[in-house]
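Read through the structure below, which is laid out as structure tokens, and then see the notes.
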2 protein chains.
Amino acid sequence: MSAPLTIALDAMGGDHAPQMVLEGANIARRRFPQVRFLAFGDEQRIRPLVERAPGLADICTVRHTPDAVASSDKPSVALRTGRRSSMRLAIDAVDSGEAHGVVSAGNTGALMAMAKIVLRTVPGIDRPAIASYFPTLRGESVMLDLGANVVCDADNLVQFAVMGEVFARTVFGVSQPSIGLLNVGSEEQKGHEEVRAAAAQLRATDLPIRFHGFVEGDDITAGTVDVVVTDGFTGNIALKTAEGTAKLYSAFLRGAFNSSLVARIGYLFARNALNKVRQRTDPRRYNGAVFLGLNGVVVKSHGGTDALGFANAIGVAVDMAGNDFNSRIRDEIAHLHAAPAAKPEAVTG
Amino acid sequence: MSAPLTIALDAMGGDHAPQMVLEGANIARRRFPQVRFLAFGDEQRIRPLVERAPGLADICTVRHTPDAVASSDKPSVALRTGRRSSMRLAIDAVDSGEAHGVVSAGNTGALMAMAKIVLRTVPGIDRPAIASYFPTLRGESVMLDLGANVVCDADNLVQFAVMGEVFARTVFGVSQPSIGLLNVGSEEQKGHEEVRAAAAQLRATDLPIRFHGFVEGDDITAGTVDVVVTDGFTGNIALKTAEGTAKLYSAFLRGAFNSSLVARIGYLFARNALNKVRQRTDPRRYNGAVFLGLNGVVVKSHGGTDALGFANAIGVAVDMAGNDFNSRIRDEIAHLHAAPAAKPEAVTG
């Protein structure tokens, strides 16, 4: 990939914006020499940050915006009053074709609402989903939805499966990604109506999808499947439960290494190895949730992240934008709608 | 507590039954000298195991049962055909008053179905829930439902809150347990209809309940509240996600300590401290999920556990049976129904 790629940045989104955003862009600049940035926000605050980083000024255009969406704004309020906000104008840049993708660490609900209005969903997709990848015993998997849709029907779940499959294929490079539906057991009769109906549809489809069946909560980190599909309520809670458990484990470890002089000596010897574990489980490494199902690449960074985390979120946007991602989703979804799963049709004479 | 307490054991339930069950009983015998056992199952297989453990024979009565529920049996089949199974007869012993509680490592669905039929729910409780406690940054919390009810309405969630509160008060000894409803955000408008309606009921109730509000997935292990209330679908997935994440973290650690000679030396120094972490996060330590809302104490052990894990499940049953648990739930629920939350009533002349 050497063709120039432009990423729009919401420079005002996130707890430590705009400094974290521009520092993140500067880290990403060294990783992705083909990338250019369009930074949207308060010019007076952004301009000095860009000029402070040698080399960034050459590839980063600053666009002044008078407003910014607050993290506490309701999505409906942000939609109405945020037309001149850094978030909205950064999304507009994707819509107009000026940018190949947008990254924001701002208000998730507002970002999703604006992205839906401006970019609209891919034909055949009823609702976009939030996806992210995370470490497993076998490597990496992707899970969706992580919170965009609190209530989902079977059709939504099937569409998420298709989007997740395309994501794993194009971004991970897995040739035949396996797909699992998150449930409370692996038997066919388990779970609620929506998840069982979605499984029936995925079993019956003639899409070239490798449907594994139901998976359980511990299959997420076991890496049983490449794509874990669930509704946004369950997915959000599973993701945050995993984050919380990792924090608990780290805290127990810290306590253990501080519990005696001998343990502290052990820590000194094992420090390098333990740092590798820390890196592998570092939430910044997996920063950058993707909004799938929109006509454009939108990546949401964690609001509390730092420059390194934000640089990783930019990396996700670069991966997505560099691939022919959305047109592949369009094709698969069109196929799904063209060939409904083996429903008997009346023979007309 | 020195009054004798009788625990009925389903000696045929679990992957390593009956050996694991009787060995577990033998471990529990030393921890709880006041406990007596009634072991139900295949006498020819159980009797030698009891006699092999000196001291166990004196306090363990063996009751022969011709059948056993298989782990693959559907609950409806187990109900119809399992009337002479070890599981069913162990539950019957609680109903008849012969035993103060029952512990089984068998088929969860069958155990719940039989327990509901035989023991029935406490008046005012529509559905029993599965609860378990687990480690947090602040100590221990209890979460329910963990899978008995895949779909729950607001009333179910409110009843779970009451049962969880009584559990934390009587079994943990927390004087004023705080209660959180699991959701995708802490703001009032977040989540689906059921969880919002349950929150409104819990805010309005005049029960002496300390309702914290909504909590998120990472609050479970943070120990933000003493009682985490959720539907059985979400709770089951959260629990298993946490287990899977702990496994992933352990595997990463093992890999790190094996990655170099220096790291292996570090492990030798830190071994004792690390063993403490292993003990604190050992799933066997938290083995023993409780069925709340029934007229009797029913504890479900993990099917794959060993003797130590089964002994812990027996410990949970002893804790529950020793407390005046079910009558407290009855009182609180009666109060809940007697004083509906501030609904305006028509004034009649």
Side-chain angles (χ1 to χ4, degrees), chain A residues 74 135-137 147 150-151 182-185 189-193 195 216-222 230 232-234 236-253 255-260 262-277 280-281, chain B residues 74 135-137 147 150-151 182-185 189-193 195 216-222 230 232-234 236-253 255-260 262-277 280-281:
Chain A
K74 283 196 183 174
T136 74
L137 284 175
V150 161
V151 179
L182 198 55
N183 199 348
V184 296
Q189 81 278 9
K190 290 272 183 174
H192 48 59
E193 204 184 310
V195 82
E216 299 190 58
D218 49 349
D219 288 307
I220 300 173
T221 47
T230 187
F233 189 83
T234 314
N236 181 281
I237 286 168
L239 178 76
K240 287 185 180 160
T241 300
E243 287 173 359
T245 308
K247 266 187 219 160
L248 181 73
Y249 214 106
S250 302
F252 282 177
L253 268 189
F257 281 119
N258 282 318
S259 64
S260 74
V262 178
R264 274 197 285 271
I265 293 170
Y267 176 74
L268 293 179
F269 277 97
R271 189 163 48 181
N272 282 335
L274 290 169
N275 277 339
K276 270 181 226 147
V277 175
R280 270 178 98 170
T281 57
Chain B
K74 283 197 183 175
T136 74
L137 283 174
V150 161
V151 179
L182 198 55
N183 199 349
V184 296
Q189 81 278 8
K190 290 271 182 175
H192 48 58
E193 204 183 310
V195 80
E216 299 189 58
D218 50 347
D219 288 309
I220 300 172
T221 48
T230 188
F233 189 83
T234 313
N236 182 282
I237 286 169
L239 179 76
K240 287 184 180 161
T241 300
E243 286 172 1
T245 307
K247 266 188 219 160
L248 181 73
Y249 214 105
S250 302
F252 281 176
L253 267 189
F257 282 119
N258 283 318
S259 65
S260 73
V262 178
R264 274 197 285 271
I265 293 170
Y267 176 75
L268 293 179
F269 278 98
R271 189 164 48 184
N272 283 336
L274 291 169
N275 277 338
K276 271 181 224 149
V277 175
R280 271 178 97 170
T281 57

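Values in this document were obtained by computation on a predicted structure and should not be read as measured data. Note that these values count all heavy atoms, side chains included, but never hydrogens, waters or copies made by symmetry. Proteins get letters first, then strands, A, B, ... in listed order; numbering begins at 1 in each.
Looking only at side-chain heavy atoms (C-beta outward), A:Y249 and B:L253 come within less than 4.5 Å of each other. The shortest side-chain heavy-atom distance between A:L274 and B:F257 falls under the 4.5 Å cut-off.
At a 4.5 Å heavy-atom cutoff, the contact between A:T136 and chain B is made by backbone atoms alone. The contact between B:L182 and chain A is made by backbone and side chain atoms together, counting heavy-atom distances below 4.5 Å. Interface remark: A:N183 contributes backbone and side-chain atoms alike to the contact with chain B (heavy atom separation under 4.5 Å). Of the atoms belonging to B:K74, it is side-chain heavy atoms, and not backbone ones, that fall under 4.5 Å from chain A. Using a 4.5 Å cut-off between heavy atoms, A:S260 makes no contact with chain B at all. Contacts between A:A246 and chain B at a heavy-atom distance below 4.5 Å involve backbone atoms as well as side-chain atoms. Only the side chain of A:Q189 comes within contact range of chain B, judged by heavy atoms closer than 4.5 Å. Interface remark: A:V151 contributes side-chain atoms only to the contact with chain B (heavy atom separation under 4.5 Å).
The environment of B:R280 atom CZ is sparse: at most 12 non-hydrogen atoms of other residues, nucleotides or ligands sit within 6.0 angstrom.
At least one donor-acceptor pair under 3.5 Å links the side chain of A:D219 to the backbone N or O of A:E216.
Residues passing the side-chain contact (heavy atoms from CB on, under 4.5 Å) test with B:L137, sequence neighbours excluded: A:L248, A:A251. Qualifying ring-ring contact (aromatic ring centres under 6.0 Å, His included) partners for B:F269, counting only residues two or more places apart in sequence or in other chains: A:F269.
Between chain A and the options B:K190, B:H192, B:K247, the largest number of non-hydrogen pairs under 4.5 Å is found for B:H192. Comparing A:T234, A:T245, A:L239, A:L268 by heavy-atom pairs within less than 4.5 Å of chain B, the highest count is held by A:T245.
In this structure, A:A238 and B:I237 approach most closely via the heavy-atom pair CB-CG2, 4.2 Å.
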